[in-house]
Amino acid sequence: SIRPSFAYYSKAMENGFAISNVKDIERISNKNSVWLVLSLTKYSDPTNSIKKYFDENYYLVEEKRFFNVDLYHYVKKK
């Protein structure tokens with residue numbers, strides 16, 4: 001889970017959730033804005049189903065790529 005790692009840097013991460021598959025996304029479906037952090041998904045999500053779900057249901061407003069970590073800011077489609 002990324003939560004402990006990011007909580008060290010920001011109290012705002014108290015609202016962070018770990019997502020292992022598309023079914024886990026239901027826990028955050030009421031959020032209008034989401035930061036998605038993906039790392040080494042070739043092992044954890046080889047079909048890219050989590051990102052595909054967000055691409056279909058949210059607008060991508062910002063994207064940053066780092067070594068083995070991708071950061072996406074999504075806003076829910078109305």
Notebook entry, point to check: Closest approach of Tyr58 and Ile28, non-hydrogen atoms and distance?
Noted result: OH-O, 3.9 Å
Notebook entry, point to check: Can you check whether Leu38 reaches Val69 side chain to side chain, under 4.5 Å on heavy atoms?
Noted result: no
Next item on the list: Sequence neighbours left out, what passes salt bridge (Lys or Arg N to Asp or Glu O under 4.0 Å) with Asp70? Give chain and number order.
Entry: Arg65
Item checked: Side-chain hydrophobic cluster, 4.5 Å single linkage: members besides Tyr59 -> none
Check: For Ser39 and Ser44, which heavy atoms make the closest approach, and how far apart are they?
Finding: O-OG, 4.1 Å
Margin query: According to side chain to side chain donor-acceptor pair (under 3.5 Å), who are the partners of Ser33, at least two apart in sequence or on a separate chain?
Written below: His73
Next item on the list: For Asn21, check side chain to side chain donor-acceptor pair (under 3.5 Å) against everything at least two apart and list the hits.
Entry: none
Notebook entry, point to check: In terms of hydrophobic clusters joined by side-chain contacts under 4.5 Å, are Trp35 and Phe66 together?
Noted result: yes
With a cut-off of 3.5 Å and sequence neighbours excluded, list every side-chain donor-acceptor pair involving residues 48-57.
unit_1: Ser49; atom_1: OG; unit_2: Asp45; atom_2: OD1; d: 2.9
unit_1: Lys51; atom_1: NZ; unit_2: Asp55; atom_2: OD1; d: 3.1
unit_1: Lys51; atom_1: NZ; unit_2: Asp55; atom_2: OD2; d: 2.9
unit_1: Lys51; atom_1: NZ; unit_2: Tyr74; atom_2: OH; d: 3.4
unit_1: Lys52; atom_1: NZ; unit_2: Thr47; atom_2: O; d: 3.1
unit_1: Asp55; atom_1: OD1; unit_2: Tyr74; atom_2: OH; d: 2.6
unit_1: Asn57; atom_1: ND2; unit_2: Tyr53; atom_2: O; d: 2.8

Margin query: In this structure, would Val34 and Val22 fall into the same cluster of hydrophobic residues linked by side-chain contacts under 4.5 Å?
Written below: yes
Notebook entry, point to check: Take atom NZ in Lys77; do more than 12 heavy atoms of anything else shown fall under 6.0 Å from it?
Noted result: yes
Notebook entry, point to check: If Ile, Leu, Val, Met, Phe, Trp and Tyr residues are connected whenever their side-chain heavy atoms lie under 4.5 Å apart, and connections chain through other members, are Leu60 and Ile25 in the same group?
Noted result: yes
